[in-house]
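Read through the structure below, which is laid out as structure tokens, and then see the notes.
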Protein chains: 4
Amino acid sequence: MTEPKGRKGRETKRRLLKAAAREFANNGFHETKVSTIVKNSGLTQPSFYLYFSSKDAVFEELVTSFQSKIIKLSESVRLEGGIESNDIAKRIVMIIESVFQFLVQDPDLTRIGLFLSPNAKQIRNELTQIVKSNLEAEQRLGYFRYNLDMEIVAECIIGVIEHYTATHLLSGSKEPHILAQQIVDLFINGMLPKGDSIKTT
Amino acid sequence: MTEPKGRKGRETKRRLLKAAAREFANNGFHETKVSTIVKNSGLTQPSFYLYFSSKDAVFEELVTSFQSKIIKLSESVRLEGGIESNDIAKRIVMIIESVFQFLVQDPDLTRIGLFLSPNAKQIRNELTQIVKSNLEAEQRLGYFRYNLDMEIVAECIIGVIEHYTATHLLSGSKEPHILAQQIVDLFINGMLPKGDSIKTT
Amino acid sequence: MTEPKGRKGRETKRRLLKAAAREFANNGFHETKVSTIVKNSGLTQPSFYLYFSSKDAVFEELVTSFQSKIIKLSESVRLEGGIESNDIAKRIVMIIESVFQFLVQDPDLTRIGLFLSPNAKQIRNELTQIVKSNLEAEQRLGYFRYNLDMEIVAECIIGVIEHYTATHLLSGSKEPHILAQQIVDLFINGMLPKGDSIKTT
Amino acid sequence: MTEPKGRKGRETKRRLLKAAAREFANNGFHETKVSTIVKNSGLTQPSFYLYFSSKDAVFEELVTSFQSKIIKLSESVRLEGGIESNDIAKRIVMIIESVFQFLVQDPDLTRIGLFLSPNAKQIRNELTQIVKSNLEAEQRLGYFRYNLDMEIVAECIIGVIEHYTATHLLSGSKEPHILAQQIVDLFINGMLPKGDSIKTT
DNA sequence: GATGAATGAGACTTCATTCAT
DNA sequence: CATGAATGAAGTCTCATTCAT
């Protein structure tokens, strides 16, 4: 609750956060018991309340941490946009890969921020908007079909990212880089054999 | 716990299931209390245990119900596949639309079966496999690029379906038919202007 | 929390209220444990919460009960005023005695309502106002010195009542009737030998 | 726990006592937390235990302090009694006023010693005895009605003092001197118009 | 088929107090 | 003289579940 002042306190708090993240990610908010968290941190229950005002508070702190990290990520992505390579596909691959890299880096936190948090919806929304505005800029430059609604595209990409994160990424059964390439190939080139095109309306 | 024999019993059980579904869908498993379910059904707690052996049991029953319905759906989809028109895009649109229609039909049940259930992962897997095998059949017929890994495509489609279901479908803010068209257009034709093609590896 | 519906429930609630009153009266709010209350009622803790939403709630219910009883008392006192005997002193004795009788009737409740409740101050205030307005009426009829501030008198009487209630009445070491007589004698006739009078300002 | 030796130590202890008194007076014993006391003293919890062996100990120390001060007061009152004027009413006014003055001087301590302490009853008893023996002496000198039980009178006076202390004195809404005059007037002269006298038994 | 009443088990949280520095 | 960190003990409350009618 009061921020720890010495090295030992900071260390203890980190341990608690880590243990909490693991429990939340594995068992969800309600199945996670404070007693388990402290046991896994080698502490007793009152110590927990030395660092967090409640069980909700740790959860919140983890969510906030995820949120602020993801904001940093999206900013850095935007920056790289400036040095933009002339190969549009490669650029998108890189972006998606870096998103995957970020998400896979701390799987517990990702599961909490992206799937467990009540804010999750809002976080996804923000991500969608970022992707959308990026895509629209590129669409205006002629890289993409002019008649494509980039909102839809953005939603689809986010959906795919969510899905893969939940199913293959956090479990480590797919490589971020390869995955990004395959997804982008699909979205960029579509499913038809080369040269074909179909009207769907 | 034993199946109700009389008409009144069946009716009561249905009321309980409905109330339970609403609570689970809105608040999740743990936030849902048996006391609330029975209150909303105009019953008392012991009555609840006349029809279900536990809170877990109702939840399970709802999940199972969703699961069996979705199996029926996928079978009917496969059947229609046999009689189908030669326009591949339209066919896919129809399939996806019918999935959306199914999911939107009972939003509470969908949220439970698709997002809340611990089986959700497995259910999604099954769906993915069905989609994949369908797509592969069509790929062999030359409808799709031969070098496309249909596992990837299937996963992406499922991801998109999940995402839209969670964000726009259950809330009623998008029409299943239009949505299906837009998604399929993207997947079929890709994002590039007509005629272009890009190597992503 | 929900009012008991059957005879057994009402009986149980009464038992809880009684046990609670005894504990509160003897040990104060904080030293009183719900666990003790239920033990003394032959129940388990959850049963307590079947009848009261919290520990605060029982306390409040007891205070309210005291408060409403005292209001009834003061009304009945006012009524008796109508049949007013022509002996003013006797009338006052009777009133004070009936107050003592009331307070001594349920000592636990009295201790709670008069000394432990955060409302106690307010309750005393109300009592003071009632006494004061009664006295003023009698003052206007010429029974009392015209230059006496009846607010002061009322406060003194209430103070004395409180004091005796706390020290001798609830412990049973003084008889209400005799006590009332002695107090009234003092207030009415003062301390001086007959005929004397002293200026105090 | 051991008495502080240095100047700084004594100063710190005084700060703790003061903070403790304020908390106890405002919130009662149980609502008062050691953590709050030390916070308001700009100290940490272990420091508290450097000066007091427990929470009970500080409280006790405050009560004892009040008690010893009140003993000094009653002694000084007795002394002044010896040198006193022959105007009995004025003398009593002065005594009561000096009691009020004393009580109002440190309101926190008064609230603790007179109302919060478990010893309060005993303290009041002692006070009552002192007042009683004083009054009896004066009664023997013929100042007061011979048939008046001075125990009763003493109890009443103490009751009134308590009441006014709790309601108007500590809050500052009445002046000690004026209050004392009005009370004494009532007790000395009674409520009847001059010359009247009533039998109450 | 239904209900009023009761409970076992366990979760979160608080607080006075101490350890080690 | 003082502090950052830690803990034992205990209390309030909740909830799924069952008993007895």
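Chain naming here is simple, since letters A, B, ... match the order of the sequence lines and numbering starts at 1 in each.
For A:Phe48 and C:Ser35, each mapped to the nucleotide of DNA chain F holding its nearest heavy atom, the one lying further toward the 5' end belongs to A:Phe48. The residue among C:Leu43 and B:Leu43 whose nearest nucleotide of DNA chain E lies closer to the 5′ end is B:Leu43. Residues B:Thr44 and C:Leu50 both approach DNA chain E. Their nearest nucleotides, taken by heavy-atom distance, put B:Thr44 toward the 5′ side. DNA chain F is contacted by both B:Val34 and C:Lys55; C:Lys55 maps to the nucleotide lying nearer its 5′ end (nearest heavy atom per residue).
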| Based on Watson-Crick and G-U pairs with both distances under 3.5 Å, what dot-bracket line describes DNA chain F 5' to 3', crossing pairs as [ ] and inter-strand pairs as |? | .||||||||||||||||||||
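Taking C:Arg124 as the reference, C:Glu162 meet the side-chain hydrogen bond (donor to acceptor under 3.5 Å, both in side chains) condition, with sequence neighbours excluded. Applying the side-chain hydrogen bond (donor to acceptor under 3.5 Å, both in side chains) test to D:Glu31 and every residue at least two apart in sequence or in another chain returns C:His30. Remark: B:Phe66 pairs with B:Phe102 by the ring-ring contact (aromatic ring centres under 6.0 Å, His included) rule, at least two apart or across chains. With sequence neighbours left out, the side-chain hydrogen bond (donor to acceptor under 3.5 Å, both in side chains) criterion links D:Glu126 to D:Gln122. A:Arg15 meets the side-chain hydrogen bond (donor to acceptor under 3.5 Å, both in side chains) test with no other residue; sequence neighbours excluded. By the salt bridge (Lys or Arg N to Asp or Glu O under 4.0 Å) test, C:Glu11 pairs with C:Arg14, sequence neighbours left out.
Going from atom NZ of A:Lys33 over to atom C1' of E:dA11 covers 7 Å, rounded to whole Å. What separates CG of C:Leu16 from C1' of E:dA5 is a distance of 12 Å, to the nearest Å. Atom pair C:His30:NE2 and E:dT14:P shows a separation of 13 Å (rounding to whole Å applied). The interatomic distance linking C:Phe59 (CZ) with F:dC13 (P) rounds to 14 Å, in whole Å. Nucleotide F:dA5 holds its C1' atom 11 Å from the CZ atom of A:Arg15, rounded to whole Å.
For DNA chain F, the neighbouring residues in residues 3-12 of chain A, judged by any heavy atom under 4.0 Å, are A:Pro4, A:Lys5, A:Gly6, A:Lys8, A:Gly9, A:Thr12. If you check residues 17-29 of chain B against DNA chain E, you find no residue with a heavy atom closer than 4.0 Å.
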Between side-chain atoms of residues 34-49 of chain C and protein atoms elsewhere (two or more places apart, or another chain), which donor-acceptor pairs fall under 3.5 Å?
{"residue": "C:Asn40", "atom": "ND2", "partner": "C:Glu23", "partner atom": "OE2", "Å": "3.3"}
{"residue": "C:Ser41", "atom": "OG", "partner": "C:Ile37", "partner atom": "O", "Å": "2.8"}

| field | Audit row: A:Leu62, A:Phe24, side-chain contact (heavy atoms from CB on, under 4.5 Å) steps and yes/no | value | CA-CA 10 Å; A:Leu62 289 166; A:Phe24 285 135; 3.7 Å; yes
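Residue A:Ser47 has a polar side-chain atom (N or O) positioned under 4.0 Å from OP1 or OP2 of F:dT7.
Within 4.0 Å of A:Thr32, counting heavy atoms only, lie sugar-phosphate atoms of the nucleic acid but no base atom. Residue contacts for A:Tyr51: at a heavy-atom cut-off of 4.0 Å it reaches the sugar-phosphate backbone alone, with no base atom in range.
For residues 61-72 of chain D, the side-chain hydrogen bond (donor to acceptor under 3.5 Å, both in side chains) pairs, not counting sequence neighbours, are D:Lys13-D:Glu61.
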Polar-atom pairs under 3.5 Å, protein N or O versus N or O of nucleotides 18-21 of chain E: list them with distances, or write none.
none

